[in-house]
Amino acid sequence: MAKELTSRSENYSQWYNDLVVKADLAENSAVRGSMVIKPYGYAIWEKMQRILDDKFKETGHENAYFPLFIPKSFFSKEADHVEGFAKECAVVTHYRLKNDEKGGVVVDPEAKLEEELIVRPTSETIIWDTYRKWVQSYRDLPLLINQWANVVRWEMRTRLFLRTSEFLWQEGHTAHASRKEAVEEAETILKLYADFAENYMGMPVLQGVKSASERFAGAIETYCIEAMMQDGKALQAGTSHFLGQNFAKAFDVKYLTKENKLEYVWATSWGVSTRLIGALIMAHSDDNGLVLPPKLAPIQVVIVPIYRKDEQLEAITEKADEITKALRAKGISVKYDKRDTHKPGFKFAEWEMKGVPVRLAIGPRDLENGTVEVARRDTLEKDTLRMENLDEKIENLLEKIQDNIFQKALSFRESHTYKVDSWDEFKEKIEAGGFVWAHWDGTAKTEQKIKEETKATIRLIPTDGEKESGKCVYSGNPSERRVAFAKSY
RNA sequence: CGGGGUAUGGCGCAGUCCGGUUAGCGCACCUGCUUUGGGAGCAGGGGGUCGUAGGUUCGAAUCCUACUACCCCGACCA
């Protein structure tokens with residue numbers, strides 16, 4: 001393991017890149033723009049998956065799996081949808097290779113597909129083509145399906161977790177009998193995502209809807225959660241779309257009502273991806289490495305023995321095993337790091353880099369005194385605690401850490417959130433980084449101009465916030481509410 | 001796709017301008033001894049057809065030509 005991490009103040013984006021690699025989360029693969037998620041990084045994803053999956057099930061959803069390949073013709077059925085994704089689709093044109101003279105392989109020109117296949121950038125089209133067959137009557141509704149899958153979007157510029165050509169995600173696709181029910185579904189999921197972000201990731205989020213130009217291709221309304229990273233840039237952490245009847249009409253999905261009338265169904269789709277891992281990293285970590293919230297840390301407590309002689313190690317191991325057992329009984333994940341190939345100092349640094357929330361160090365002195373050294377990753381504070389009821393103390397500490405991480409992120413966001421009314425101040429605050437609440441005249445033209453001049457986009461329009469009449473910060477035209485602007489990932 | 005850059009052990013680099021011993025350094029790796037409460041020290045050791053293909057030359061990592069890959073900056077995006 002390399003020693004130094006680039007500091008955040010020196011080069012934030014380099015810090016992020018270094019951290020992902022040094023914390024052993026992921027690395028670039030042989031395929032441009034596609035990453036290898038390493039075991040430690042994947043373990044975080046697995047924790048996210050388990051928590052989210054439980055929540056989806058609790059809210060009545062079921063998992064299914066739809067194909068990776070989508071017939072090209074499906075894409076042309078929903079006009080906005082094609083336009084949104086066409087530019088970044090990988091296309092399968094052939095189904096066979098053959099040997100060439102040089103001992104390599106070439107695509108067999110004889111094996112051209114009749115209809116080319118798209119590697120899914122998202123699955124609305126194949127799913128709605130399928131739903132047509134599943135839905136006949138109001139009795140078949142609602143249809144509440146989720147799938148865990150990989151998708152491919154051929155990105156120009158990629159970054160580990162934040163934007164890769166292939167990524168993992170979950171995509172929910174639901175069908176409903178009424179507009180109201182579909183809107184409620186989209187809102188329910190948004191709240192579910194917000195709860196996950198705040199109470200598990202320890203990352204405060206704003207909730208609202210996207211402007212027309214930031215909306216999902218094919219949606220009537222896109223709900224989103226937006227988080228702030230430590231460089232003051234916003235990161236979209238999850239989206240939930242009310243699709244209206246767009247896909248039902250494009251794929252002819254109709255049902256008979258109780259009154260025996262034929263109606264198109266109403267739809268939603270929603271997703272979060274491995275991008276959340278990027279968000280998690282940038283929301284909390286520091287110049288010593290990753291800082292993980294206890295609820296998502298693959299290892300919550302690491303125990304490091306400090307010893308000179310083998311007899312000492314044996315005695316420490318006995319104590320460590322005891323502690324491990326007690327903590328596991330409380331559902332806490334523990335790693336006892338008794339590698340004799342590395343010194344304690346090395347281990348301290350390594351587990352800090354990997355963001356383990358709590359580290360226990362036990363040495364001969366502790367054995368004598370009946371104590372253990374407890375270090376918390378979020379504050380880097382060390383304390384010596386009595387062995388008695390250690391399991392309860394650690395359990396409480398983990399809760400405290402979870403809470404502290406959230407509070408820290410929240411106060412960071414609050415200190416980087418501004419209300420501005422003048423264009424000069426707008427530019428200044430955007431440049432410095434943060435959320436800027438400003439009046440907007442509601443036109444795509446103004447939005448575009450602001451983006452061109454400051455690189456800031458409308459991150460969201462609040463749905464519950466009170467209205468307040470004012471003048472657009474750019475055009476001076478009347479506005480009825482403030483919206484959140486920021487530069488974003 | 002535009003503009004800039006890079007390609008040399010696993011990783012990071014020097015050497016290239018001005019061709020000439022056995023291609024060197026740091027980290028990592030292996031062995032041994034000493035170490036172990038914040039990234040250990042010493043000694044020894046292994047590992048490279050210098051991106052690919054041509055060319056110039058007595059001789060090429062170094063000069064020439066072509067190609068390829070990757071990185072950074074822009075347009076696009078969860």
Side-chain angles (χ1 to χ4, degrees), chain A residues 1-6 11 13-14 17-18 21-22 27-33 83-89 102 121-122 149-159 161-171 193 210 213-217 219 222 224-227 234-241 269-279 288-289 304-310 312-313 316 337-354 359-369 371-375 380 382 384 451-452 455 457 459 488-489:
Chain A
M1 174 142 318
K3 289 185 180 176
E4 287 296 315
L5 190 61
T6 305
N11 184 340
S13 118
Q14 189 62 44
N17 294 341
D18 284 359
V21 172
K22 289 183 177 166
E27 62 190 34
N28 280 307
S29 71
V31 183
R32 187 196 138 79
E83 206 184 312
F85 287 104
K87 281 172 286 183
E88 50 191 33
C89 282
K102 295 175 196 155
T122 179
N150 57 338
V151 286
V152 169
R153 297 179 188 175
W154 212 262
E155 299 289 350
M156 308 285 173
R157 298 196 58 207
T158 59
R159 291 188 73 191
F161 291 118
L162 297 175
R163 175 161 297 107
T164 47
S165 290
E166 179 186 359
F167 57 94
L168 306 182
W169 77 347
Q170 59 67 216
E171 46 178 325
Y193 285 160
K210 286 295 185 191
S213 51
E214 297 279 329
R215 209 173 275 154
F216 175 75
T222 287
C224 64
I225 53 173
E226 292 279 333
L235 187 140
Q236 180 175 307
T239 51
S240 176
H241 316 288
S269 69
W270 28 274
V272 295
S273 71
T274 37
R275 185 181 225 207
L276 288 179
I277 296 173
N288 294 309
V304 177
I306 292 154
Y307 61 96
R308 283 166 203 267
K309 308 188 204 90
D310 284 353
Q312 290 174 327
L313 177 61
I316 292 165
D337 184 1
K338 62 172 177 186
R339 287 175 296 175
D340 64 356
T341 50
H342 297 277
K343 289 179 63 178
F346 180 93
K347 294 178 186 176
F348 291 176
E350 179 173 292
W351 294 116
E352 262 164 29
M353 184 65 81
K354 290 188 151 196
R359 181 186 70 234
L360 305 181
I362 309 174
R365 278 206 310 263
D366 295 303
L367 287 188
E368 260 175 52
N369 303 335
T371 58
V372 55
E373 184 191 81
V374 180
L380 297 169
K382 285 192 280 198
T384 300
K451 187 177 176 183
E452 281 166 19
K455 294 202 172 130
T457 50
R459 299 322 300 159
S488 74
Y489 276 95

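Throughout, a chain's letter reflects where its sequence line sits, starting with A, and its residues are numbered from 1. Keep in mind it's a predicted model, so treat the numbers as computed, not measured. All values below come from the heavy atoms of this structure, side chains included, with hydrogens, waters and symmetry mates left out.
Of the possible polar contacts, one joining the A:K347 side chain to the A:D337 backbone as a donor-acceptor pair under 3.5 Å is found. Under the 3.5 Å distance criterion, the side-chain polar atoms of A:R159 are matched with a main-chain donor or acceptor of A:S13. Of the possible polar contacts, none joining the A:R275 side chain to the A:F161 backbone as a donor-acceptor pair under 3.5 Å is found. Remark: the backbone N or O of A:K210 is not paired with any side-chain donor or acceptor of A:E214 at under 3.5 angstrom. Proximity of a side-chain donor or acceptor of A:Y193 to a complementary backbone N or O of A:G271 within less than 3.5 Å is detected.
A:D18 and A:T6 are linked by a side-chain donor-acceptor pair at a separation below 3.5 angstrom, with hydrogens and angles left out of the test. For A:T457 and A:R459, the side-chain atoms include at least one donor-acceptor pair closer than 3.5 Å.
Using a 4.0 Å heavy-atom distance criterion, A:T164 is classed as a base contact. In this structure, A:Y489 reaches neither bases nor backbone, as no heavy-atom distance under 4.0 Å exists between it and the strands shown. Residue-level contact check: A:E155 touches the bases, meaning some heavy atom is under 4.0 Å from a base atom. Contacts of A:K382 with the nucleic acid, taken as non-hydrogen atoms under 4.0 Å apart, include base atoms. At the heavy-atom level, A:R159 lies nowhere under 4.0 Å from the strands shown. Residue-level contact check: A:L276 touches neither bases nor backbone, having no heavy atom under 4.0 Å from any strand. Residue-level contact check: A:D340 touches neither bases nor backbone, having no heavy atom under 4.0 Å from any strand.
B:rA7 and B:rG44 have their C1' atoms separated by 33 Å, with the value rounded to a whole Å. To the nearest whole angstrom, the two C1' atoms, one in B:rG26 and one in B:rG20, are 28 Å apart. Nucleotides B:rG2 and B:rG59 place their C1' atoms 42 Å apart, quoted to the nearest Å. Nucleotides B:rG32 and B:rG15 are separated by 38 Å at their P atoms, to the nearest Å. With C1' as the reference atom, B:rG10 and B:rC64 are 33 Å apart, rounded to whole Å. Straight-line distance between the P atoms of B:rG19 and B:rA60: roughly 14 Å, to the nearest whole Å. Comparing the P positions of B:rG24 and B:rG47 gives a spacing of 13 Å, expressed to the nearest Å. Here, B:rG38 and B:rC33 have their P atoms 25 Å apart, quoted to the whole Å.
A residue-by-residue look at A:N288 and A:E88 shows that A:N288 has its nearest nucleotide of RNA chain B further toward the 5' end. Each of A:W169 and A:P364 lies near RNA chain B, and the nucleotide nearest A:P364 is the one positioned closer to the 5' end.
Across all strands shown, B:rU16 has no partner, as no Watson-Crick or G-U wobble contact with both distances under 3.5 Å is found. Searching all strands for a Watson-Crick or G-U wobble partner of B:rU56 with both distances below 3.5 Å returns nothing. Searching all strands for a Watson-Crick or G-U wobble partner of B:rG47 with both distances below 3.5 Å returns nothing. Across all strands shown, B:rU22 forms no Watson-Crick or G-U wobble pair with both key distances under 3.5 Å. Both distances falling under 3.5 Å, in either a Watson-Crick or a G-U wobble arrangement, place B:rC1 opposite B:rG74. Across every strand in view, B:rC42 sits in a pair with B:rG32 that passes the Watson-Crick or G-U test at under 3.5 angstrom. Under the Watson-Crick or G-U wobble criterion, with both distances below 3.5 Å, B:rG9 has no partner in any strand shown.
The distance between atom CD of A:E27 and atom P of B:rG10, rounded to the nearest whole Å, is 15 Å. Between A:E452 atom CD and B:rG74 atom P the separation is 16 Å, expressed in whole Å. For the pair A:K87 NZ and B:rA78 P, the computed distance is 11 Å after rounding to whole Å. Rounded to a whole Å, the CE atom of A:M353 is 14 Å from the C1' atom of B:rG38. Regarding A:I306, its CD1 atom lies at a distance of 7 Å from the P atom of B:rG38, rounded to whole Å. As rounded to whole Å, 14 Å separates atom C1' of B:rA40 from atom CZ of A:F348. In this structure, the CG atom of A:N17 is 16 Å from the C1' atom of B:rG12, given to the nearest Å. What separates CH2 of A:W154 from P of B:rC76 is a distance of 20 Å, to the nearest Å.
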What's touching nucleotides 68-71 of chain B from the protein side, N or O pairs under 3.5 Å?
| residue | atom | partner | partner atom | Å |
| --- | --- | --- | --- | --- |
| B:rC71 | OP2 | A:R32 | NH1 | 2.9 |

Is there any protein nitrogen or oxygen under 3.5 Å from a nitrogen or oxygen in nucleotides 1-3 of chain B, and what are the pairs?
none

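Aromatic ring pairs are classed by plane angle as parallel below 30°, tilted from 30° to 60° and perpendicular above 60°; the pair A:F216 and A:H241 is parallel. Using cut-offs of 30° and 60° on the angle between ring planes, the pair A:W169 and A:F167 is perpendicular.
Within 6.0 Å of CD in A:Q14 there are more than 12 heavy atoms belonging to other residues, nucleotides or ligands. Within 6.0 Å of CZ in A:R339 there are more than 12 heavy atoms belonging to other residues, nucleotides or ligands.
At a cut-off of 3.5 angstrom, the base of B:rG38 holds at least one donor-acceptor pair with the side chain of A:E352. The base of B:rG37 lies outside donor-acceptor range of the side chain of A:R308, with no N or O pair under 3.5 Å.
Counting heavy atoms from C-beta outward, A:E155 and A:T164 have side chains that stay 4.5 Å or more apart.
Side-chain proximity of A:F167 to the nucleotides B:rG38, B:rG37, B:rA78 is greatest for B:rA78.
Contact between the side-chain N/O atoms of A:K347 and the OP1/OP2 oxygens of B:rU36 is not found at any separation under 4.0 Å. Listed pair A:R365 / B:rG37 fails the phosphate criterion, with no side-chain N or O lying under 4.0 Å from OP1 or OP2.
In terms of the side chain to side chain contact (heavy atoms under 4.5 Å, CB included) criterion, residue partners of A:I306 (sequence neighbours excluded) are, by chain and number, A:P344, A:F348, A:A361.
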